[in-house]
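Report on the following structure.
Quick note on labels: first sequence line is chain A, next is B, and so on, each numbered from 1.
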Amino acid sequence: MVELNDIRVSFDGQPVLNGVNFSMRAGEFVYLVGPTGAGKSSLLRLLYMDLKPEAGTVHVSGYDGATTRERDIPHLRRKIGIVFQDFKLLDDRDVYENVAFALYVTNTRRSEIKKRILHALADVGLSHKRNQMPQELSGGEQQRVVIARAIVNAPSLLLADEPTGNLDPSASAEIMELLRKINTRGTAVLMATHNYELVRRYPARIVQLKDGKLFEVELRER
Amino acid sequence: MQVTYILREGFSGFKRAKLSTVAAIMTICISLLLLGSFSILVLNANSIVQSLREKVEMEAFLGDHLSPIEVSIVRDSIASLPGVREVRYISKEQAATIFKEEFGEDIHRVLDFNPLPASIKIFLSDGYKTSRGAASVYNAVKQIKGIDDVIYRKTLLEMLDRRATTFLWLIFGIGVFITISSVFLVANTIRLAIYAKRKIIKTMKLIGATRSFIRWPFVLEGLVQGLVGGCAAAGILFLVFEYLAEWISAELSDFVLIEPIYYGAIVAVGCVLGILGSAISIRRFIGTAVVHE
């Protein structure tokens with residue numbers, strides 16, 4: 001599913017990831033923890049090929065970072081769902097159209113689109129808000145729209161970069177429940193976070209980024 | 001690529017970003033109005049110069065002592081000169097009437113007599129409406145016995161000869177300047193509108209939209225904006241040149257000739273401006289697949 005070997009990434013000469021190895025199986029739930037600036041987002045960017053490593057190899061959902069052409073990157077991104085701390089919704093269109101966009105890019109049949117959007121919105125509990133604009137929703141609701149958009153194409157991998165970073169504890173808990181539910185259906189989830197409280201409450205495999213290296217961490221050690 | 005998606009997205013810009021859409025349409029419309037009125041001037045520049053030349057007429061004043069037969073001989077002599085297209089005799093009485101029309105005073109009342117001489121108006125043939133051509137006619141007319149004086153707008157003709165080419169180049173230069181400014185203005189307005197959507201474009205890339213998938217709705221939007229702006233500009237120009245000019249002066253509307261295809265060209269230029277403006281602007285923002293720079 002995901003395989004990173006001996007990855008090196010640096011910005012302005014400063015190494016951020018240095019000799020990182022990481023692998024993830026289909027259907028796994030993994031927390032990626034570490035302090036701000038540790039390189040969590042950079043590692044996720046490697047996976048959706050928004051960043052090329054200076055050294056090392058990247059394999060994601062059958063795509064090899066070394067051989068994937070620029071024009072094939074959109075096709076990889078359609079196979080993985082991405083969830084951000086700052087949501088990244090299309091603020092010029094309503095909830096329904098935001099989710100629909102992920103289906104338009106995959107050229108999904110019209111008859112299929114409506115059905116899948118309604119399923120995805122029902123999954124995140126927002127069917128009744130399908131005609132609202134993103135600005136009219138709470139932070140937790142906006143994040144749920146992003147999750148609906150990320151899962152509408154039934155991805156095998158979901159990348160979540162601090163998905164609860166901007167949310168209050170109860171909204172964070174809702175998002176966690178949702179991600180767990182998605183995971184139990186077979187979608188692998190890699191979630192970057194520095195909310196250790198959530199990690200403790202919803203246990204799963206944990207990897208930690210520290211000083212450019214990646215370590216497996218046992219929950220009880222924390 | 002979904003055609004229905006492109007069509008829907010292309011047109012939904014009008015609903016989603018009303019202000020920037022209206023700004024783009026107005027910019028295209030104003031640019032085309034400038035460009036349109038100036039191109040009318042360019043297209044008619046030659047006839048403007050020509051009409052100024054038409055205004056050049058020559059007048060030969062006759063001595064008071066001439067008998068009607070002598071007048072007739074003088075008239076025929078002038079009419080037979082090369083470069084003379086037409087002559088018209090103006091008697092002393094007719095000259096007084098013209099004077100009254102021009103100055104509103106009856107010269108008989110002011111002076112008790114009519115000092116205005118009879119004259120012969122000379123209309124030059126087309127090839128002689130230059131300073132050299134007019135001078136040759138002038139010299140020949142002066143030689144004719146019975147002519148007291150000959151006048152014509154020598155300085156105007158000399159100026160036209162000297163300046164006509166400069167004038168045409170100047171108009172052409174200003175036209176080029178306006179064209180470039182228009183393209184720049186339109187591209188800039190569209191670029192600002194697309195710049196406002198750069199976050200949306202980034203998000204589209206993250207969701208897996210290909211470059212062409214992002215590009216085509218913007219290009220269609222540009223085309224529609226250009227079409228609307230072009231139609232508005234063509235409509236305004238039509239009203240101005242077909243009706244307003246006629247209303248101001250019939251002479252002006254005769255003078256400015258506009259073929260119907262011209263209005264079609266304005267609309268077409270609007271469409272091209274819209275397409276180019278958005279295609280060029282979007283290219284910068286779509287860039288590569290990299291989202292975070």
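Counting heavy atoms of neighbouring residues, nucleotides and ligands inside a 6.0 Å radius, atom CE of M26(B) does not exceed 12 of them. Atom CZ of R109(A) sits in a sparse spot, with 12 or fewer heavy atoms from other residues, nucleotides or ligands closer than 6.0 Å. Within a 6.0 Å radius of NZ in K181(A), other residues, nucleotides and ligands contribute more than 12 heavy atoms. Around the CZ atom of R198(B), the shell of radius 6.0 Å holds more than 12 heavy atoms that belong to other residues, nucleotides or ligands. Summarising the local packing, CZ of R110(A) is surrounded by 12 or fewer heavy atoms from other residues, nucleotides or ligands at distances under 6.0 Å.
The list of ring pair (Phe, Tyr, Trp, His ring centres under 6.0 Å) pairs with a residue in residues 102-155 of chain A, not counting sequence neighbours, reads Y104(A)-Y5(B). Applying the ring pair (Phe, Tyr, Trp, His ring centres under 6.0 Å) definition to pairs two or more places apart or across chains, those involving residues 2-31 of chain A are F29(A)-Y31(A). For the ring pair (Phe, Tyr, Trp, His ring centres under 6.0 Å) condition, the pairs that include at least one residue of residues 174-211 of chain B, sequence neighbours left out, are Y195(B)-F285(B).
A distance of 6.5 Å separates CG of L206(B) from NZ of K88(A), quoted to the nearest 0.5 Å.
Between R149(A) and T203(B) the shortest side-chain heavy-atom distance falls below 4.5 Å.
Taking all atoms of both residues into account, the shortest heavy-atom contact from V105(A) to G208(B) is CB-O, 4.1 Å.
For chain B, no part of S42(A) is nearby; none of its heavy atoms comes within less than 4.5 Å.
Residues of residues 89-101 of chain A lying under 4.5 angstrom from chain B, judged on non-hydrogen atoms, are L90(A), D91(A), D92(A), R93(A), E97(A), F101(A) by number.
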